[in-house]
Amino acid sequence: MHRWSQLFIPTLREAPADAEVASHKLLVRAGYIRQLGAGIYSFLFLGNRTTQKIMGIVRQEMDKIGQEFYLPALNPREIWEASGRWAAMGDNMFRLKDRKGADLCLGMTHEEVMTDIARKELRSYKQLPQIWYQIQTKFRDEPRPKSGLLRVRQFLMKDAYSFDIDAPGLDASYQKHYDTYCRIFDRCGLKYRVIDAHSGAMGGSQSQEFMVRTPAGEDQIVSCEKCNYAANMEKATSRLAPVEDLKAEGDGQPLEVHTPGQKTIEDVARFLGVSPKNKIKTLAMMMTEEDAPIGTKTPGKSRTRAVVLLMRGDHQMNEAKLSTAVAGKQTRPMQEEEIRDLFHSPAGYLGPLGIDWAKDMKDSGKPILLVDEALEGRVNLIGGANKEDYHVKNLTPGKTFHPTAYADLRAVTAGDECPSVGCGAALRIDTAVEIGHIFKLGYKYSQSMGARVLDRNGKEVAPIMGSYGIGIERILTAAVEQNNDENGFWLPPSIAPFEVVVVSTNPKDESIRSTAEDIAQQLEGSGFDVLLDDRDERPGVKFKDADLVGIPFRVNVGKKVTEGIVEVVRRSTRESVDVKISAITEYFQDLRPAAR
RNA sequence: CGGGGAGUGGCUCAGCCUGGUAGAGCACCUGGUUCGGGACCAGGGGGUCGGAGGUUCAAAUCCUCUCUCCCCGACCA
């Protein structure tokens with residue numbers, strides 16, 4: 001029996017001054033956590049109890065598909081050299097030396113250690129598939145820890161790794177994780193979306209993120225309220241309404257028109273009496289190509305190369321999509337003289353004509369012309385003439401000028417139509433927190449680290465891998481972000497530190513005290529996690545504390561005990577019902593979610 | 001790393017400009033009265049004013065350096 005009077009639950013009336021987001025303020029106020037340094041937190045009794053429950057759910061579900069390991073956080077340099085990530089991780093990796101001067105690091109993730117085990121132990125396709133997971137502390141020297149528990153330098157992660165003999169095997173392992181993650185987050189009571197994610201620099205083929213919408217989030221996601229469509233900004237698309245192209249003028253060849261002083265898309269469209277949708281927006285960028293391999297700290301020789309983007313007049317460019325289109329190279333807007341060098345024209349009249357564009361991305365030395373997919377197939381567009389006070393009609397991509405490549409560069413905006421077939425609803429854009437990530441790794445680690453098994457034909461092959469992560473504390477943070485008000489927060493019973501708090505409103509009244517005690521005993525006997533607030537405090541203090549600390553149900557034991565009645569208050573709605581003391585256990589058993 | 005802000009008792013903050021040897025509310029301890037939404041009265045304990053150096057008869061206050069934390073940006077397998 002947990003008695004509040006004997007526990008350490010240091011609740012605060014006021015939030016610490018340096019807390020900004022709701023979950024940070026409330027978790028500190030509720031006595032769950034205390035800060036030790038930037039991005040470093042101690043978990044106290046209630047906080048630890050909750051993370052233990054979350055880990056319990058994660059274990060139960062993961063044990064259905066995999067096996068739990070426990071790997072060291074302290075890693076020798078060698079395995080990270082083998083994968084190439086000793087350098088690639090840069091300053092984000094905590095590094096240290098042992099007494100002999102040997103390099104060590106604190107693990108940010110465990111592909112290397114798991115793959116090391118695999119390469120030493122796995123020999124045959126008959127041993128596959130394998131799914132190995134652990135729940136363990138990760139260390140990342142974030143450039144900027146922030147928002148309480150949302151971005152920290154030390155955190156708990158459930159990380160899993162799959163080893164399969166072939167791609168269909170990986171697909172199956174990946175799907176198992178997808179399903180398991182849904183069960184885990186459902187049981188944790190979270191509302192989440194699964195989005196297609198950028199495969200990133202890890203060389204994987206497919207990747208999805210489990211996101212929870214919250215204003216405190218750092219990532220922007222696009223989602224549809226009606227259907228399940230969801231994507232991050234760099235992947236999101238939307239359905240474009242058909243646009244009526246202009247008719248060719250004259251002989252259909254590019255035709256210069258005098259547009260004195262008309263520089264912006266809107267000005268030109270109005271001046272010529274056309275829609276911005278029939279205009280081409282020309283964006284002039286410079287891209288920096290580093291000679292030195294990415295991740296190394298020695299600055300190599302860098303060259304710049306012009307990248308010109310053509311968008312539909314009313315569209316905006318998304319920088320993440322541009323970054324993808326140029327394979328992660330750094331880009332910046334051109335400076336005035338760079339624009340003149342390439343276009344021989346002032347800004348405001350830029351267009352694709354008269355420039356020798358690169359035929360493909362490898363056609364180095366020449367400027368790159370990237371055309372947004374929204375312009376593919378369009379005809380007779382209007383763009384700048386590369387000549388002051390002139391624009392050009394009859395521009396048709398692929399005919400009057402030749403793009404280096406077409407690419408998806410367009411930023412989705414809120415209210416755009418959902419791209420799902422037959423959906424038709426409007427898209428929304430929200431910030432979100434990533435609570436899980438599943439990833440088809442492919443052969444990157446098995447190859448670089450030399451894991452090999454014999455296949456059915458006795459041929460040596462590298463196993464194909466997947467990796468799958470869940471941020472334990474982020475589940476708590478997301479739950480608090482989703483369920484709070486100015487008085488505190490409420491957690492789903494499955495992850496709350498206690499399911500019920502029994503408040504003895506006046507411990508000096510013997511019948512109230514003993515009834516509260518009996519009810520708490522009874523509920524605990526029926527398998528509920530119960531906290532008995534037996535403190536010698538005024539009722540108001542106890543109610544305020546109960547509202548603060550995240551426990552979903554409260555039983556008020558007060559004057560009505562003489563009538564054999566107590567109140568049960570549901571924290572989320574504040575609704576209160578009178579329940580007969582004799583029926584209290586049944587009352588809660590009826591509420592108990594089936595998932596337990 | 002660039003820009004901004006802040007470090008004064010456990011928490012929230014005042015005092016700093018204009019130097020004179022540290023305050024309030026909450027929390028804590030003792031006694032009493034209270035007891036259904038963060039009570040009241042009386043008494044009490046607790047502070048290297050982030051750190052170092054300097055100016056001065058005298059520094060929380062002025063000057064220099066430094067550390068830490070927060071926010072925006074950059075960054076984020």
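Every chain is numbered from 1, with letters handed out A, B, ... down the list of sequences. Just so it is clear, the values below take in all heavy atoms, side chains as well, and ignore hydrogens, waters and symmetry mates.
In this model, no side-chain donor or acceptor of A:Arg140 finds a partner on the base of B:rC76 within 3.5 Å. The base of B:rG38 does not come close enough to the side chain of A:Arg535 for any donor and acceptor atom to sit less than 3.5 Å apart. Residue A:Asp545 places a side-chain atom within donor-acceptor reach of the base of B:rG38, judged by atom type and a 3.5 Å distance cut-off alone. Contact of A:Arg144 with B:rG3 (side chain to base): no donor-acceptor pair of N or O atoms is detected under 3.5 Å.
For A:Lys146 and B:rC72, the shortest distance from a side-chain N or O to OP1 or OP2 is below 4.0 Å. Considering only side-chain N and O atoms, A:Gln35 lies nowhere under 4.0 angstrom from the phosphate OP1 or OP2 of B:rU68.
With both ends at atom P, the span from B:rG53 to B:rC69 equals 23 Å, rounded to whole Å. Using C1' as the reference atom, B:rA27 and B:rU18 are 35 Å apart when rounded to the nearest Å.
Checking A:Phe543 against A:Gly469, the closest nucleotide of RNA chain B that is more toward the 5' end is the one next to A:Phe543. Of the two residues contacting RNA chain B, namely A:Val541 and A:Gly148, the nearest-nucleotide position lying further toward the 5' end is that of A:Val541.
When both distances must be under 3.5 Å, the Watson-Crick or G-U wobble mate of B:rG73 is B:rC1. When both distances must be under 3.5 Å, the Watson-Crick or G-U wobble mate of B:rG38 does not exist.
Distance CD (A:Glu218) to C1' (B:rG73): 13 Å, rounded to an integer number of Å.
Residue A:Asp171 is tested with A:Lys440, A:Lys176, A:Gln206 for a side chain to side chain donor-acceptor pair (under 3.5 Å); the sole match is A:Lys440. The only option from A:Phe553, A:Phe489, A:Trp490 that meets the side chain to side chain contact (heavy atoms under 4.5 Å, CB included) definition with A:Arg571 turns out to be A:Trp490.
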Atom pairs, protein N/O to nucleotides 32-34 of chain B N/O, distance under 3.5 Å:
unit_1 : atom_1 : unit_2   : atom_2 : d
B:rU34 : O2     : A:Arg538 : NH1    : 2.7

Could you pull out the protein-nucleic contacts involving nucleotides 8-14 of chain B (nitrogen or oxygen on both sides, under 3.5 Å)?
unit_1 : atom_1 : unit_2  : atom_2 : d
B:rU12 : OP1    : A:Ala17 : N      : 2.6
B:rU12 : O4'    : A:Glu14 : OE1    : 3.4
B:rU12 : O2'    : A:Glu14 : OE2    : 3.2

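Relative to the ring axis of A:Trp86, A:Arg95 places its NZ or CZ within 45° and under 6.0 Å from the centre. For the pair A:Arg554 and A:Phe543, the cation sits on the ring face: its NZ or CZ lies under 6.0 Å from the ring centre, inside 45° of the axis.
Comparing B:rG36, B:rG38, B:rC70 by their nearest atom to the side chain of A:Ala38 picks out B:rC70. Distances from the side chain of A:Arg554 to the nucleotides B:rC75, B:rG38, B:rG37 place B:rG37 closest. Side-chain atoms of A:Ser147 lie closest to B:rC71 of the nucleotides B:rA27, B:rG37, B:rC71.
Note on ring orientation: taking the six-membered ring where Trp is involved, the planes of A:Phe439 and A:His437 are tilted (angle from 30° to 60°).
For A:Glu481 and A:Ser23, the side-chain atoms include at least one donor-acceptor pair closer than 3.5 Å. Between the side chains of A:His24 and A:Ser147, no donor N or O sits under 3.5 Å from an acceptor N or O.
Aromatic rings of A:His2 and A:Phe45 (six-membered ring for Trp) have centroids within the 6.0 Å cut-off, being under it.
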